[in-house]
Amino acid sequence: MKFQPDHSDAQIISGYGPGWIRIGADKISHSVLIGASGLRQAWPCARFEDLGAGHFAQLAGLDAELIIFGSGTRNRFPAPAWLAPLMARRMGLETMDTPAACRTYNLLAHEGRKVVAALIL
């Protein structure tokens, strides 16, 4: 059996550390939305306490089947009422700390899933 490296055209996170992630050669040090198909935009929340319903309404407007929410250095859950726009569109949301979100996002993106990572850095 011959093994070959897997190839994916998805945008992946190539590194991360406290307060930053790397996508290719770009080091990002602000909260960000990353999509497997190339989405990369600032997400206006510097910390979990800055989140509100509007942040999750914004996520509901994205072309994704699943949102991976990286809540920072520890796993924290958004208020259930904030998730109504996502539920209305039948979009899944998984919450985890940001390092775990980076790893999970990469795995799903590499599988070809329509995934977006919403990361608090």
Side-chain angles (χ1 to χ4, degrees):
M1 177 183 308
K2 183 178 180 181
F3 288 101
Q4 295 180 359
D6 290 334
H7 174 71
S8 174
D9 291 329
Q11 176 172 242
I12 62 165
I13 299 168
S14 57
Y16 59 87
W20 63 273
I21 64 169
R22 184 175 310 283
I23 299 174
D26 298 332
K27 188 173 183 180
I28 300 169
S29 57
H30 54 79
S31 295
V32 65
L33 302 176
I34 303 292
S37 61
L39 169 72
R40 186 186 320 179
Q41 72 182 57
W43 200 35
C45 55
R47 46 195 192 111
F48 184 84
E49 292 78 13
D50 297 335
L51 288 172
H55 290 94
F56 292 89
Q58 177 185 9
L59 297 177
L62 299 175
D63 182 28
E65 62 186 28
L66 178 64
I67 306 291
I68 303 297
F69 171 53
S71 59
T73 58
R74 63 187 175 101
N75 193 10
R76 298 174 71 181
F77 295 91
W82 297 350
L83 305 180
L86 294 168
M87 288 187 273
R89 292 214 41 229
R90 303 184 60 87
M91 294 171 70
L93 179 101
E94 292 292 332
T95 300
M96 54 198 74
D97 64 51
T98 296
C102 290
R103 295 187 299 270
T104 303
Y105 164 81
N106 276 351
L107 178 70
L108 295 171
H110 190 70
E111 288 179 350
R113 301 278 303 272
K114 289 176 67 175
V115 63
V116 168
L119 305 173
I120 296 177
L121 301 176

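The analysis underlying the following values was restricted to heavy atoms, covering all of them including side chains, and did not include hydrogens, waters or symmetry mates.
Under the 4.5 Å side-chain criterion, counting only non-hydrogen atoms from C-beta, R103 is in contact with P99. Side-chain contact between L51 and W43: present, with at least one pair of heavy atoms (C-beta onward) separated by less than 4.5 Å. Put simply, the side chain of I21 reaches to within 4.5 Å of the side chain of I34, judged on heavy atoms. For the pair L93 and P78, the minimum side-chain heavy-atom distance is below 4.5 Å. Residues L33 and L59 are in side-chain contact: their nearest non-hydrogen atoms beyond the backbone lie under 4.5 Å apart. At least one side-chain heavy atom of I13 sits less than 4.5 Å from a side-chain heavy atom of Y105. In this structure, the side chains of P44 and H30 stay at 4.5 Å or more apart for every pair of heavy atoms. Q41 has its side chain within reach of Q58: a pair of non-hydrogen atoms, C-beta onward, lies under 4.5 Å apart.
Here the shortest heavy-atom pairing between V116 and A64 reads CG2-CB, 3.6 Å. What you find for S71 and T98 is that their closest heavy atoms are N-OG1, 3.8 Å. In plain terms, the two heavy atoms of A118 and I67 that are nearest each other are CB-CG2, 4.3 Å. Listed here is the closest heavy atom pair of A109 and Q11: CB-O, 4.2 Å. Nearest heavy-atom pair, S31 versus A46, reported as atom, atom and distance to 0.1 Å: OG-CA, 4.2 Å.
Judged by distance alone, the side chain of H110 and the main-chain N or O of L107 form no donor-acceptor pair under 3.5 Å. Judged by distance alone, with hydrogens and angles left aside, the side-chain atoms of S14 form a donor-acceptor pair with the main-chain N or O of R22 at under 3.5 Å. Between the S29 side chain and the G19 main chain, no donor and acceptor come within less than 3.5 Å of each other.
In the hydrophobic clustering of this structure, L39 groups with M91; members are Ile, Leu, Val, Met, Phe, Trp, Tyr whose side-chain heavy atoms approach within less than 4.5 Å, directly or through other members. The same ILVMFWY cluster, assembled from side-chain heavy atoms under 4.5 Å apart, contains both I23 and V115. Following chains of ILVMFWY side-chain contacts shorter than 4.5 Å, one can reach L119 starting from I28, so the two form part of one hydrophobic cluster.
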Step by step, work out the side chain to side chain contact (heavy atoms under 4.5 Å, CB included) result for F48 and R74. CA-CA 10 Å; F48 184 84; R74 63 187 175 101; over 6 Å; no

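For the atom pair CG of D97 and CZ of F69, the computed distance is 11.0 Å after rounding to the nearest 0.5 Å. Annotation: the span from L108 atom CG to K114 atom NZ amounts to 14.0 Å, rounded to 0.5 Å. Rounding to the nearest 0.5 Å places CZ of R47 at 10.0 Å from CD1 of I120. To the nearest 0.5 Å, atoms CG (L66) and CZ (R113) are separated by 6.0 Å. Considering SG of C102 and CG of L121, their distance stands at 7.0 Å, rounded to 0.5 Å.
Taking the six-membered ring where tryptophan is involved, the planes of F56 and W82 are essentially parallel, since the angle between them stays under 30° and well short of 60°.
Within a 6.0 Å radius of CD in E94, other residues, nucleotides and ligands contribute 12 heavy atoms or fewer.
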